[in-house]
2 protein chains.
Amino acid sequence: MLTLQTPLASKLSAFVALSAPDLEMLARFHRRRRTFQAGHELIHEGEKNQSAFVLAEGWACSYKLLPDGERQIVDFQIPGDFLGLRSILFRTSDHSVEAVTRIEASEVLASDILDSFAHAPRLATAVLWAASRDEAMVVEHLVNLGRRPAEIRTAHFLLELGARLRLVGVGEAAGFECPLTQYHLADVLGLSAVHVNRVLRQLREDGLVTFQKGRVDFDDIPRLTRLAGFDPEYLDQPRPFLP
Amino acid sequence: MLTLQTPLASKLSAFVALSAPDLEMLARFHRRRRTFQAGHELIHEGEKNQSAFVLAEGWACSYKLLPDGERQIVDFQIPGDFLGLRSILFRTSDHSVEAVTRIEASEVLASDILDSFAHAPRLATAVLWAASRDEAMVVEHLVNLGRRPAEIRTAHFLLELGARLRLVGVGEAAGFECPLTQYHLADVLGLSAVHVNRVLRQLREDGLVTFQKGRVDFDDIPRLTRLAGFDPEYLDQPRPFLP
DNA sequence: CGCCTTATTGACGGACCTCAAGCTAAGTGG
DNA sequence: CCACTTAGCTTGAGGTCCGTCAATAAGGCG
């Protein structure tokens, strides 16, 4: 019997109870494991025939660059997340992905995905669910950028990141190790690095969160959650939907 | 032989050549056709067991409300688009959907989707592709909100909308009929209605776009496209990926 | 030690918001 | 036919959130 050895398998199993053949098919996603240095760009916006990856270890981020050189980070990826899944369904990738830390990731070929759809429908459903969950996070991020002021936006982002990490068993309720710089925060929050710095100071002095020295510490979770209007519903991993 | 009678079927066929059994399965998505008045809320954020729909006629929008009553529109949907696909994969819907105009839409049950995954893998692949294309639009929108100033943001949005409509055979290159109010624009662009009004005037006086009386007219497409940094690559419908 | 990345803080300006008032067009009922 | 309402659009004045520019620490790391 196959065990749930990978973060992806355990994530998908939270949605669909996967059979032995499903897990075997899923295991094919994890051949071709590779290591990349921090800062390496795995997927290049605008280029054709890009691969996808499954992240096994470390942090990555997906982003787009604008004509004037500015960058908008779309999301950060943590172990168990796909990298560049969209880029194998489109001819050319609509975004870039780079390693934030040193990472380990397995290359997934288009044929792996397509075969799984043809021969393991439950796995296919699970992949659609994972893609939908990613989209839900992007949507929440979009609301964050469109309608929340900088301080609330930052608080919301840090709470979401903490919740996501907890779901894959990283960090504690009170905080987590965080390899991001204030420039990463600026690029994901649509702010200038200078303003991010001021907002972080404000949040720290108000006794809400401390973002410092590679760690995020939640100093007052109830007050912070209320301030941010944070509701983790859209991240929830219920009992399997398909038993 | 089945013909491509619905906008959804023709959209999916641009990605995957669907067989007769695929099309038959897809036809099941279109039983239960219903009509809704403008302003009717079809899908309710936070409620359980919501349906999904396929939009056949008219415009809809998906959005989230914030605690202070503000609204962020995530996207507009036009014929051939799914409404609330994510809400049937999650226990509770993470967003709301309402009709912008009078619309016609067919209710899609979770079982319709799941059966199609089990018995029509090519159709399943096509649905994943459609979901990924929606996500690509949300991502571009996110970049718009995070990093583009109001005027460029507005220009980009109108160009994207025009391009999407052309792909389903609505409107012309020079413009399109548009049922949106300036309040809709404000909610989708993350701006105040007052500022939207000023930006539209600016764009009109600069001879770039005219948004007036239920129509959008592109007055200088090359200059507008350059201003917005608009590249429709992410919307492209190439020859079928799976022949 | 010298270099480069990251963090910090101040001064100043501008993009966008809020409040407020008034306009137009279309509908509704007397 | 006309008062009245309502939804949508328009414009001005004034304030604020956040960006840019600039300078200085404060660490990693060869």
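All values below come from the heavy atoms of this structure, side chains included, with hydrogens, waters and symmetry mates left out. Since this is a predicted model, take the numbers as computed values, not measurements. Every chain is numbered from 1 and lettered A, B, ... according to where its sequence line falls, protein lines coming before strand lines.
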Item to check | Touch class at under 4.0 angstrom, heavy-atom based, for A:S192 against every strand present | outcome: base
Checklist entry - Which nucleotide span of DNA chain C, 5' end to 3' end, has atoms closer than 4.0 Å to non-hydrogen atoms of chain B? => result C:dC16 to C:dC19
Item to check | Within residues 145-155 of chain B, residues whose heavy atoms come under 4.0 Å of DNA chain C | outcome: B:P149, B:A150
Checklist entry - Using 4.0 Å as the upper bound for N to carboxylate O, is an ion pair formed by A:D68 and B:R147? => result no
Item to check | Ionic contact status for B:R223 with B:D206, cut-off 4.0 Å | outcome: no
Item to check | Exercise: identify the closest heavy-atom pair between A:R71 and A:C61 | outcome: NH1-SG, 4.4 Å
Next on the checklist: Under 4.0 Å between a side-chain nitrogen and a carboxylate oxygen: does that hold for B:R91 and B:E47?
Outcome noted: no
Next on the checklist: Ring centroids only, cut at 6.0 angstrom: are B:F36 and B:F53 within range, meaning strictly under it?
Outcome noted: yes
Next on the checklist: So that I can tick it off, tell me whether A:R34 and A:E107 are bridged by a salt bridge, with the cut-off set at under 4.0 angstrom between side-chain N and carboxylate O.
Outcome noted: yes
Checklist entry - Shortest non-hydrogen contact from B:F76 to B:H184? => result CZ-CB, 4.0 Å
Item to check | SB check B:R164 B:D75 (cutoff 4.0 Å) | outcome: yes
Next on the checklist: Can you see if the side chain of B:Q182 gets near the phosphate of D:dT10 - specifically, an N or O under 4.0 Å from OP1 or OP2?
Outcome noted: yes
Checklist entry - Is a salt bridge present between A:R86 and B:E135, judged by a nitrogen-to-oxygen distance below 4.0 Å? => result yes
Next on the checklist: Please report the distance, rounded to the nearest Å, between OH in B:Y183 and C1' in D:dC9.
Outcome noted: 7 Å
Checklist outcome for this item: In numerical order, the residues of residues 197-218 of chain A whose heavy atoms come under 4.0 Å of DNA chain D are A:R198
Next on the checklist: Tell me the interatomic distance from A:L185, atom CG, to D:dG19, atom P, rounded to whole angstroms.
Outcome noted: 13 Å
Item to check | Ring geometry between B:F230 and B:H156 (parallel below 30°, tilted from 30 to 60°, perpendicular above 60°) | outcome: perpendicular
Next on the checklist: Whether A:K64 and A:E70 form a salt bridge (side-chain N of Lys/Arg under 4.0 Å from carboxylate O of Asp/Glu) is what I want to check.
Outcome noted: no
Next on the checklist: Please classify the nucleic acid contact of A:G190 as base, sugar-phosphate, or nothing, using heavy-atom distances under 4.0 Å.
Outcome noted: sugar-phosphate
Checklist outcome for this item: B:H195 NE2 to D:dA13 P, in whole Å, measures 17 Å
